[in-house]
Each structure stands twice: as structure tokens, then as C-alpha cells.
Chemist: 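Take a look at the following structure, please.
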Amino acid sequence: MSPKPSTRGVNKVWLGVVTLTTTSLAMTRAFQLLPVARRAIISTRTSHVVARSSSHVGCAMRGNRISNGMRNYSFMTRSMSQTASPATLSDERRAELESKIKEKGDAIRGLKEQGVSKDELAPHIAELLALKAELDPSSASPPQKKKGQQKQKQKNQQQQKKQQQPKKQAEDAESDYITPRSENYSKWYNDIIRVCDLAETSPVRGCMVIKPWGMSLWDQIRNDLDARIKEHGAENAYFPLLIPKSFLSKEAEHVDGFAKECAVVTHHRLTADPEGNGLIADPEAELEDPLIIRPTSETMIWNMFKKWIVSHRDLPLKVNQWANVMRWEMRTRPFLRTSEFLWQEGHTAHATSEGAIADSKDMLDQYADMCEKLLAIPVVKGAKSPSERFAGAEETFTIEALMQNGWALQSGTSHFLGQSFGKAFDVTFQDAEGKQQDVWGTSWGVSTRLLGALIMTHSDDAGLVLPPRVAPVQVVVVPIPPKKNDEEGKVALNNALDKLVADLKGAGLTVKVDDRDYVRNGAKYFEWERKGVPLRIELGPRDVKGGVCVFKYRVGSEGKETVPLDEVSAKATEGLDNLQEYLLDSAKERLAASMNMMATYDQMKEALEKDEASEYAGPGLYLVPWKCDAENEEKIKEECKATIRCYPTNVNDAGMAEGKKCFYSGEDATHMALFGRAF
């Protein structure tokens, strides 16, 4: 039974029964539903009756006057005037309301994506709130406070302002709206990560939770790269997370490079605080040699190399580790720069410097090839300037990718370490002549930063865009069920669906069938497009009768395509290959268009000094003649925030800098340098 309305004042009138409408008939019906005592109360206060449907929409009526807002949302009140309590709703009506709420919510999200104004959205939002109020009247908010309470509001104004920002952040976290790139590129990037279920912040400062869809992308990269690493001759191993502080101190440049980023473990147990303030580090459990949570593993691995390397027959020795590392960051950005991140780190030992240099360059080529073939990201290969080298390395090779806002992103590095770590850890070998020699070393790695590169290279204002070869799901099939009583149609659809999926899987494609019966087809389309699935296939009863299905690609082709069922696997394979090529070609064109050649320093400075990460389609990168000079490099960084991304291999090997003057100092150039802003 419906709960009996209270009779203790108008403000407690049961909202599931009393609703305002723009017609006297509806008012009369609502009035007649009340107990006699309540009618008397209301009749004495007809000058001010307040009705509300939610915390967002409300209106007041004095006498026979109805506010303009109520007229605008009359459809809402007409709907509510016909409802009673949740208990009186039939199962059929409840299901109908839930369906309408889902449909209206999907429609509102679609309108937001189209950039519809708030004024145009208001009627749709009001209708959604009315439907929710009919389904659950308790969801309506309390009536607005009277004028007499405004003084209290003013007293709390300062506190409310302080709370404004956290509320705004909470609203952003719950919203499924994606900020357009042209409005704020940085916010767009964060919105993509949140809305597409890639990752979210964790309770630990600077660390993120990688959600299943984001982790599946990393798995794709890891699987491809792991095969390349093994082909390169390295074997997987695992080394401790904790490194003795004394190890880090053995290589001077290395400790200088990482000292400010290290997290340190000083005690090995906790104990209850004698003063009753929870747990504290046990003073009696302080470590003699504090432990560092690994920022990288060179020191630990070279300590082990000393035990494993005795003779030249033990070389080259190549190991790889898939692990997490910790580098304490002050300003973090998901995937691009977090305190903890996932990566692979390869470490090799060689008998000669030539062997070590060749190994580091070969692995850089593997990284570049993986980026282009798997991720459809073109990169610039080159060497870092001395100021930008890895701590303790004699040479650092890098691949640099261009993001859509014109900024560079270091996407992978390979280091020639020389003999520094071999000497620091006394790693020697006996050569063929019986003499003891120092070992030469390398290290190389890529991280989950590649996911940030993937997002910012291809995605658009509608959501994630994934190249088919890296997509965890390459094809999503959405079956459109026949009518409830059409048993023959159901059998035919299921048979056609089974064959279609088998054909796609037989062609080596990863397939997901979305047969959720509690989600509308439109909502399914919207969800999978946002997640970046390259191809959607629709299959309904009419399609089965016609022997066809419908293809819709995420990007690269306009509209839908009707495909015969017996050609599905061939057409899908061809279409996905074309999409992969389309994304790579588009990224290559963007890189070429954003490469500013032979600009003056003043031109670069003017373009870059005000360029921010939030700006979309910025100036890009600058390839200029440069005399290697650490002091001038630092001046440029201070003046316009630009850094040398690398000395590109192709143009420097071709001698392009010969005979040119440095664009900054005017002296003879030693390199062609690629300058730009970078994440």
C-alpha cells in the first residue's frame, strides 16, 4: 500500500501525491487525493504553494499565477500529476520508466557531444528529472528556503566558496562530458581517460589505478614488445623492488640524477603509538642501510652481473624486466608522468663498446618500429643532447612523437652506459687472451607513457580512437533481437550470429558480442565508439533475411556500409588494415606539417613562449642548426620553455648541419637540433 500522507504542515506534503500542473483539472485531481485535513491546510495557503520535482527544477504559484519556468516544463508536471507512490507503480510502468530514463539520458549525452547550449539542454534535463521523480519521488529535493533564511546563507557564503572547487571536481569526476580539444586540450586529455574507463586517481598521491580497458591496451603493447625483446636476444627476469641506498651511491652521476625522486624505506615494522595516535614507525626497527623503492634497476642488476659474468663466453648477457618503478613527482599527469608507473627495462653487458652501441641502437629501432606498426605513431629517432642524457650514460638515444597540440612526447629511450656501471660494481671478464677487462653496458625501456601517446595522437572529441592492431576488441557485434514471439526469427538470428563471429575469429580478429538485453542499442553504439573500438557490426532480423549485415567504422569512412554475410571476414580484415594505414598516414601528415624548418630564434621564441599544453594545434617542432652548448641550452629553456628533443639521426647522418650557423649563437653549427615544448 501507499504510505499515508503526513498532516503536519504543507512542507511535508507527500510529493508522490501532490504535484502542480498548468491545468485546473490536474490541480483538482491532485487536491482530491489528499485527506480532508490536508485540504483545509492547503486551502488557507493558496497564495503560496510550492511544488518541486527535483533539486534542479522548481517553481512557485501564487493564486492563479504560474511562473514562466512552470509553463516551460508543463510536460514534466503533467507526467507527475498522474503518478502515485513507488509502491503503486506496476512492474510494467516501472520498466517503462526505467527504459525512458535510460533513453533520455543517452539522448542528453549525445546532445552534449554536439555542443548544444545549456538553455537548449534544459527542457531535456527537466524531462529526465520528472521521469526520475515519478519512478522515485524521494529523489526530489527539499523546498527552497524562505527569504528569512537568506541571512544565514550570507554567513555561510565564504565557506561555500571554499567548497566550490572540490564540488566542481566531484561533478567533473561524475560527468561523461568530454571537453573539446579546441577549448582545453589538457582537460580533453583527462576527460578521455576518465570517460573511456582507462584510469583514475588513487588514494596514494601521484599514483593512478589503471582500469581494465586501459590495462588491456598495455597488455597489447607488452605482448608485441615482449616478442621483439626475446627476438633481440634478451631473457625475462625479475629483480627486487627495494634497493639498498648504498648501491645507489656507487655511481656518482646516477645518484645525482635520481636523488630527488627517491622514496626511502627507513624502518621494517610499525608499532602502536604510546600516546594513542594510531601506528608509528617502531624506533627499534630502523634499518642500518635504508632501502630505496626502485626508480630504475641498473644498480641492482649490475650487482648481480658481477656474480654472473666471469668469462668472455658469458657475454653478451641480456636481461629484461617487466615491473613497476617509483619516481616521486611533484606535478603528475595520468600515464604521462606519475609517481609510480609500469615499464620494461632491458639491461645488457658486452665485451666491446661497439657491441654495446649496436645493441642500444638496435633496440631503439625496435621501439620505433613497434610505435609505427602497432600504435600507428610516427616517431623521430635521434640522440639526446649531453644535458638531456640519462644519469650515468655516455649516450642516450630516443624516439620522440608529436601530439595533436604540437608538443613532443619522449616515447622510449635506449642508453649506451659505457663502462661506468661495470667499474662501479667491479664487473670484469676474462678475455680470450686471459686478461681481465671491464664490461660495457646498455639499458633501454618504454613505459605506460605510450598509452598517453596513443590517446593524444589519434583520439578526437567523441572519445578514444584506437588503431586496430592495438585495440583489445577490434570488432564489436551488436545483435538486434526480433520481436518477443518470433521464435523462428530468434533461431535464425542466433545461427547467423554464431557463423559471423566464427568467421571473424577465424580471420584472426578479436570480437566482442554485446547482447546485453538491458541496454538500448543506441547506448551500446555510443559506449563502444567512445572506447575506440575500430569496427561495429549490426545484425538484425531483416539483415539475416537479406543475407547482409551493417558495418560502421570508428573513423576513416563516412556512414554505414552494408556487407554480405559471406564476405564479412574478408571485408572486415581489409577495412581494418585500411583504418590502420589511415591513422598512421594522418599522424605522419601532422608531423610533417608541424615541423618548422630553419626558423630564426626570435621566431621560435615568439611562437613558444606563450604556448601551453592546454592550447590545441600549437606551433609544433623546430628543426634548426645548433652549436652544442649546455649554457645556451639552459638559457633557451628559461626564455621560452623549449628543450632540445633530440639531434635527429637522419638529418645529422646526412651532414645537414655542415656549413650552417647556430640559430642562437651565430657560431658554426655542430648539429641539427629538434626544439619544442614537451610533456
Side-chain angles (χ1 to χ4, degrees), residues 162 164-166 168-170 172-173 178-179 181 183-195 198-211 214 218 256-264 292-296 324-343 384 387-391 396 398 400-413 445-457 459 608-616 618-619 621 633-634 636-645 675-679:
K162 290 180 180 179
Q164 220 170 26
Q165 187 63 27
K168 176 71 166 55
Q169 293 173 350
D172 288 346
I178 297 176
T179 303
R181 289 165 291 180
E183 182 178 319
N184 188 318
Y185 188 78
S186 295
K187 183 127 186 355
W188 166 82
Y189 174 76
N190 290 332
D191 287 347
I192 290 287
I193 291 172
R194 173 178 49 80
V195 169
L198 297 174
E200 64 181 63
T201 56
S202 77
V204 182
R205 182 191 176 281
C207 299
M208 63 179 173
V209 174
I210 303 177
K211 301 178 79 171
W218 178 240
D256 287 344
F258 286 102
K260 296 180 180 179
E261 300 177 350
C262 290
V264 186
I292 309 298
I293 299 177
R294 63 171 168 237
T296 182
N324 61 335
V325 291
M326 174 72 73
R327 296 178 185 176
W328 211 257
E329 295 283 356
M330 298 305 295
R331 298 183 64 182
T332 60
R333 197 187 299 258
F335 293 120
L336 301 180
R337 190 173 294 277
T338 52
S339 295
E340 180 193 26
F341 55 90
L342 304 179
W343 77 344
K384 287 290 189 181
S387 301
E388 294 287 332
R389 286 174 188 160
F390 175 73
T396 289
T398 181
E400 301 287 326
L402 177 76
M403 305 297 98
Q404 292 180 48
N405 69 337
W407 282 34
L409 181 69
Q410 179 180 293
S411 302
T413 51
V446 297
S447 72
T448 40
R449 169 175 276 225
L450 283 174
L451 297 184
L454 182 66
I455 295 166
M456 290 195 289
T457 300
S459 300
L608 293 183
E609 62 184 348
K610 296 181 180 179
D611 184 30
E612 297 298 335
S614 59
E615 298 296 322
Y616 178 57
L621 305 175
E633 189 176 344
E634 185 62 28
I636 291 175
K637 187 175 181 179
E638 292 174 358
E639 291 172 3
C640 63
K641 303 178 183 178
T643 56
I644 295 178
R645 302 317 309 149
F675 277 86
R677 296 294 304 276
F679 288 99

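Starting from 1, each residue takes its place in the sequence as its number. Note that the coordinates shown come from a computational prediction; the quantities given were computed from them, not determined experimentally.
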Chemist: List in chain and number order the residues that pass side chain to side chain donor-acceptor pair (under 3.5 Å) with Thr398, two or more places apart in sequence or in another chain; answer none if no residue qualifies.
Modeler: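 Thr398: side chain to side chain donor-acceptor pair (under 3.5 Å) contacts with Glu400.
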
Chemist: Does the pair Trp218 and Ile210 meet the rule for a side-chain contact (heavy atoms from CB on, under 4.5 Å), with working shown?
Modeler: CA-CA 10 Å; Trp218 178 240; Ile210 303 177; 5.9 Å; no

Chemist: Output the distance between atom OG (Ser614) and atom CG (Asn405), rounded to the nearest 0.5 Å.
Modeler: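 CG of Asn405 is found 8.5 Å from OG of Ser614.
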
Chemist: Kindly write out the residues that satisfy salt bridge (charged side-chain N to carboxylate O under 4.0 Å, His left out) with Glu612, not counting sequence neighbours, or none if the list is empty.
Modeler: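 Lys641.
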
Chemist: When you look at Phe335 and Leu198, which way does the side-chain contact (heavy atoms from CB on, under 4.5 Å) test go after all the steps?
Modeler: CA-CA 10 Å; Phe335 293 120; Leu198 297 174; 4.1 Å; yes

Chemist: Return the set of residues passing side chain to side chain donor-acceptor pair (under 3.5 Å) with Asp611 (not counting sequence neighbours), or none when no residue passes.
Modeler: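 With sequence neighbours excluded, Asp611 shows a side chain to side chain donor-acceptor pair (under 3.5 Å) to Trp407, given in chain and number order.
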
Chemist: A side-chain contact here means heavy atoms from C-beta on lying under 4.5 Å apart; do Glu634 and Ile636 qualify?
Modeler: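 No, every pair of side-chain atoms sits at 4.5 Å or beyond.
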
Chemist: Determine the minimum heavy-atom distance between Val446 and Gly412, stating which atoms define it.
Modeler: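 Heavy-atom minimum between the residues: CG1-CA, 3.7 Å.
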
Chemist: With sequence neighbours left out, what residues match Lys637 under salt bridge (charged side-chain N to carboxylate O under 4.0 Å, His left out)?
Modeler: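 Checked Lys637 against salt bridge (charged side-chain N to carboxylate O under 4.0 Å, His left out); zero matches.
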
Chemist: Report the residues that fulfil ring-ring contact (aromatic ring centres under 6.0 Å, His included) with Phe675, sequence neighbours left out, ordered by chain and then residue number.
Modeler: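 Only Trp626, Phe663 meet the ring-ring contact (aromatic ring centres under 6.0 Å, His included) criterion with Phe675.
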
Chemist: Taking side chain as C-beta onward, heavy atoms only, is Thr338 less than 4.5 Å from Cys207?
Modeler: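 A side-chain contact under 4.5 Å is absent here.
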
Chemist: Distance check, rounded to the nearest 0.5 Å: Ser411 atom OG versus Leu402 atom CG?
Modeler: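 Answer for the OG-CG pair, Ser411 versus Leu402, is 10.0 Å.
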
Chemist: Quick one: closest heavy-atom pair of Ala453 and Leu409, and the distance?
Modeler: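 Closest approach of Ala453 to Leu409: CB-CD2, 3.4 Å.
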
Chemist: Of all heavy-atom pairs between Met326 and Ala263, which one has the smallest distance, and what is that distance?
Modeler: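 Looking at all heavy atoms of both residues, the closest pair is CG-CB, 4.0 Å.
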
Chemist: Do any N or O atoms from the side chain of Tyr189 and from the backbone of Ile455 form a donor-acceptor pair under 3.5 angstrom?
Modeler: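 A pair under 3.5 Å: no.
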
Chemist: Listed by chain and number, what are the salt bridge (charged side-chain N to carboxylate O under 4.0 Å, His left out) partners of Arg181, not counting sequence neighbours?
Modeler: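 Once residues adjacent in sequence are excluded, the partners of Arg181 under the salt bridge (charged side-chain N to carboxylate O under 4.0 Å, His left out) criterion are Asp461.
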
Chemist: Say you draw a straight line from CZ of Arg677 to CG of Leu608; how long is it, rounded to the nearest 0.5 Å?
Modeler: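 It is 7.0 Å, given to the nearest 0.5 Å.
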
Chemist: For Glu329, give me all partners under side chain to side chain donor-acceptor pair (under 3.5 Å), at least two apart in sequence or on another chain.
Modeler: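 Scan of Glu329 (side chain to side chain donor-acceptor pair (under 3.5 Å), adjacent residues dropped) gives Arg337.
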
Chemist: For a 4.5 angstrom cut-off between non-hydrogen side-chain atoms, does Pro334 reach Asn190?
Modeler: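 They are in contact (side-chain heavy atoms under 4.5 Å apart), so the answer is yes.
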
Chemist: Any idea which heavy atoms bring Val209 and Ser202 closest together, and the distance?
Modeler: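 So the minimum-distance heavy-atom pair works out to CG2-CB, 3.7 Å.
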
Chemist: How far apart are the closest heavy atoms of Leu621 and Gly676, and which atoms are they?
Modeler: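 Smallest interatomic distance, heavy atoms only, reads CD2-CA, 4.0 Å.
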
Chemist: Would you compute the distance between atom CZ of Arg205 and atom OG1 of Thr332 and round it to the nearest 0.5 angstrom?
Modeler: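 These two atoms lie 6.5 Å from each other.
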
Chemist: Quick check against the 3.5 Å criterion: does Arg449 have a side-chain atom that pairs as donor or acceptor with the backbone of Leu336?
Modeler: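 It does hold such a pair.
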
Chemist: Side chains of Thr457 and Gln404: does their closest heavy-atom pair fall under 4.5 Å?
Modeler: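 In short, these two side chains do not touch, never coming nearer than 4.5 Å.
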
Chemist: Rounded to the nearest 0.5 Å, what separates atom OG in Ser459 from atom CG in Asp191?
Modeler: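 The distance works out to 12.0 Å.
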
Chemist: Suppose we screen for side-chain contact (heavy atoms from CB on, under 4.5 Å). Which residues come up paired with Thr201, at least two apart in sequence or across chains?
Modeler: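 Expected list: none.
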
Chemist: Please identify each residue that fulfils side-chain contact (heavy atoms from CB on, under 4.5 Å) with Val325, with sequence neighbours left out.
Modeler: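 Only Arg294, Phe341, Trp343, Glu345 meet the side-chain contact (heavy atoms from CB on, under 4.5 Å) criterion with Val325.
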
Chemist: So do the side chains of Lys384 and Arg645 get within less than 4.5 Å of each other, counting heavy atoms only?
Modeler: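 Answer yes - side chains close enough.
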
Chemist: Using salt bridge (charged side-chain N to carboxylate O under 4.0 Å, His left out) as the criterion, list what pairs up with Arg389, not counting sequence neighbours.
Modeler: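 Here the qualifying residues are Glu395.
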
Chemist: Checking Trp328 now: which residues fulfil ring-ring contact (aromatic ring centres under 6.0 Å, His included) with it, not counting sequence neighbours?
Modeler: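 If we apply the ring-ring contact (aromatic ring centres under 6.0 Å, His included) test to Trp328, skipping adjacent residues, there are no hits.
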
Chemist: Could I get the full list of side chain to side chain donor-acceptor pair (under 3.5 Å) partners for Glu609, not counting sequence neighbours?
Modeler: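 Per chain and number, Glu609 pairs via side chain to side chain donor-acceptor pair (under 3.5 Å) with no residue.
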
Chemist: Closest approach of Ser186 and Arg333, non-hydrogen atoms and distance?
Modeler: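 Smallest interatomic distance, heavy atoms only, reads OG-NH1, 3.5 Å.
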
Chemist: When rounded to the nearest 0.5 angstrom, what is the spacing between OG1 in Thr643 and CD in Glu388?
Modeler: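 Between Thr643 OG1 and Glu388 CD, I get 5.5 Å after rounding to 0.5 Å.
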
